[in-house]
Trainee: 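I'd like to ask some things about the structure below.
Reminder, nothing fancy here: chain letters follow the sequence lines and each chain counts from 1.
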Number of protein chains: 2
Amino acid sequence: MTRRRSTYHHGDLPRALRAAARRLVAEHGPEGFTLREAARDVGVSHAAAYRHFADKRALLAAVCEDGYRALAATLRAANRRRPTDDAATRIRRLAAAFVRFALDDPPRFHLMFGPRLNLDGRFPSLDAATDETLAAVVAEMEHGMATGRLRAARPVDLAIGFWTMVQGYADMVLRRRIKVRSRTMAMAYLERLLAPLLDGMQAPRR
Amino acid sequence: MTRRRSTYHHGDLPRALRAAARRLVAEHGPEGFTLREAARDVGVSHAAAYRHFADKRALLAAVCEDGYRALAATLRAANRRRPTDDAATRIRRLAAAFVRFALDDPPRFHLMFGPRLNLDGRFPSLDAATDETLAAVVAEMEHGMATGRLRAARPVDLAIGFWTMVQGYADMVLRRRIKVRSRTMAMAYLERLLAPLLDGMQAPRR
DNA sequence: ACCTGAACACCGTTCAAGT
DNA sequence: ACCTGAACACCGTTCAAGT
């Protein structure tokens, strides 16, 4: 199980630890993740990790940051394949992309949206990645308001409202607080729950 | 710091451990909670706890269950003081009560809505308490539909949609993912985010 | 019946010492 | 400059032994 290295020097230990951490979080969840196991996986003493990461949290923050960048990219791509100006459709796709991202790697999702790793501002690039993700949602709302399909409101408020609902839904489904029997059903039920919010977000029909 | 007992027998150790656990979760959060510290607080060896709780999770489940019962009571009381039949008002109050509950004891809220303690169904009474809480929200939706103010939908779907949004909001605020400078602002912003959902939940005006 | 003490197999973190 | 080994202060859990 444990890979051993005969060479003294490691190729790129920080990168290797990051990759191991991502894998182990996916395997055991953020709670079950262990710095020592990551080091073992890479074939290095656990003390070695401290040369490259200040502590366990710093390593998790790196994994978390990668997650946010991936999510931002996913959200930006949600409406690229079949562009449309219909705000409701665009937002539905955004929501679907978000929930699919969560379902694809639940532990990573929980790492990203669970206890803040950065409450003390130690990892500025993590906050930057989070902001990038939110920005993708805000951009969508601005687009919807520009084409006149969304109600007059601050785009950031609509974005946060959407974000709140969709993050809440993903969380409830992953934790099986909302019971769905399959991924397909998870997506279908998302549509149903989202419907009232979407209606309320749209400009009154003239 | 550590209370010591000279008597061999303890009055009601299970109850004392539960109380200590609730206090310690509030102090250090669910992550920082330790079975050993709870035992120390009560003045008993840590092994003694295993006479009354199968493991650490069982003790946390007890605290969690108390939390759900308290939340259910809070939600049921939300519209008792100034009864009304206006569905939007009632639901806004429900949301406010929920978020206030979260703000009053963030660690307990995270214990309740974080990693499921009962994924394997070991604690049936915990699930019962959760159901009781959801039932309070469903009852509210049924009331709103009976008086004709809510759109035609399955009450449980409206309830879960509401629940999802409000739980998501509380979580984002507690984790400072949504930045508000005070409790008052947290409540005000809740109203703002809820507005589109509430609009969408209401029956079209005739 | 209920509790203690000691033990086991783990953690995260630190630090002198090695190459 | 980078890594190891050993140590420290903790965990959760188990179990023989005590009262």
Trainee: Measure CZ/A:Phe53 against P/C:dG12 and give the value in whole Å, please.
Mentor: 14 Å
Trainee: In this structure, how many angstroms lie between the P atom of C:dG12 and the CZ atom of A:Phe33, rounded?
Mentor: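 After rounding, the gap between these two atoms is 8 Å.
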Trainee: Taking only the side-chain heavy atoms of B:Ser45 (C-beta and beyond), determine which of D:dT13, D:dT4, C:dT4 contains the nearest atom.
Mentor: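 Given the options D:dT13, D:dT4, C:dT4, the side chain of B:Ser45 is closest to C:dT4.
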Trainee: Parallel, tilted or perpendicular: which one describes the rings of B:Phe109 and B:Phe98, with boundaries at 30° and 60°?
Mentor: perpendicular
Trainee: So what does the secondary structure string of DNA chain C come out as, 5' to 3', with Watson-Crick or wobble pairs under 3.5 angstrom, [ ] for crossing and | for pairs with another strand?
Mentor: ||.|||||...|||||.||
Trainee: Under 3.5 Å, which protein N or O atoms sit close to an N or O of nucleotides 6-8 of chain C? Give each pair with its distance.
Mentor:
none

Trainee: Hey, could you give me the CG/CG distance between A:Leu198 and A:Leu150, rounded to the nearest 0.5 Å?
Mentor: 9.0 Å
Trainee: Which is more 5' along DNA chain C, the nucleotide nearest A:Leu35 or the one nearest B:His52? Just name the residue.
Mentor: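 Comparing both residues, the 5'-ward one is B:His52.
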Trainee: For DNA chain C, what residues of residues 54-64 of chain A have any heavy atom nearer than 4.0 Å?
Mentor: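 Only A:Asp55, A:Lys56 qualify.
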Trainee: Which whole-number value in Å describes the distance from B:Tyr50 OH to D:dA16 C1'?
Mentor: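 It works out to 17 Å between those atoms.
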Trainee: Could you grab the distance from atom CG of B:Leu71 to atom CZ of B:Arg76, nearest 0.5 Å is fine?
Mentor: 9.5 Å
Trainee: Can you confirm whether more than 12 heavy atoms, excluding those of A:Arg176, are under 6.0 Å from its CZ atom?
Mentor: no
Trainee: Looking at B:Glu65 and B:Ala129, what are the two nearest heavy atoms and their distance?
Mentor: CG-CB, 3.8 Å
Trainee: Rounding to an integer number of Å, can you tell me how far B:Leu24 CG sits from D:dG12 P?
Mentor: 11 Å
Trainee: With a 3.5 Å cut-off and no angle check, do the side chains of B:Tyr68 and B:Asp131 form a donor-acceptor pair?
Mentor: no
Trainee: Without decimals, in angstroms, what is the distance between B:Glu31 CD and C:dG12 C1'?
Mentor: 15 Å
Trainee: Let me see the working for B:Ile91 and B:Met141 under side-chain contact (heavy atoms from CB on, under 4.5 Å), right down to the final yes or no.
Mentor: CA-CA 8 Å; B:Ile91 293 172; B:Met141 299 303 160; 4.0 Å; yes
Trainee: Report the distance from atom CD of B:Glu37 to atom P of D:dT13, rounded to the nearest whole Å.
Mentor: 16 Å
Trainee: For a quick test of reading the model, state the closest non-hydrogen atom pair linking B:Gly114 to A:Arg177 and the distance between them.
Mentor: O-NH1, 3.0 Å
Trainee: Atom CZ of residue position B:Arg183 - does it have more than 12 heavy atoms of other residues, nucleotides or ligands inside 6.0 Å?
Mentor: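 Yes - once you tally the heavy atoms of other residues, nucleotides and ligands closer than 6.0 Å, there are more than 12.
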Trainee: Indicate whether OP1 or OP2 belonging to C:dG12 is found under 4.0 Å from a side-chain N or O atom of A:Thr34.
Mentor: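 Yes.
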Trainee: At less than 4.0 Å, is any side-chain N or O atom of B:Arg40 found next to OP1 or OP2 of D:dC10? Yes or no.
Mentor: no
Trainee: Answer yes or no: is there a side-chain heavy-atom contact under 4.5 Å between A:Thr133 and A:Trp163?
Mentor: yes
Trainee: Is there side-chain contact between A:Asp66 and A:Arg22, with heavy atoms separated by less than 4.5 Å?
Mentor: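 No, too far: nothing below the 4.5 Å cut-off.
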Trainee: Measure CG/A:Leu13 against C1'/D:dC2 and give the value in whole Å, please.
Mentor: 9 Å
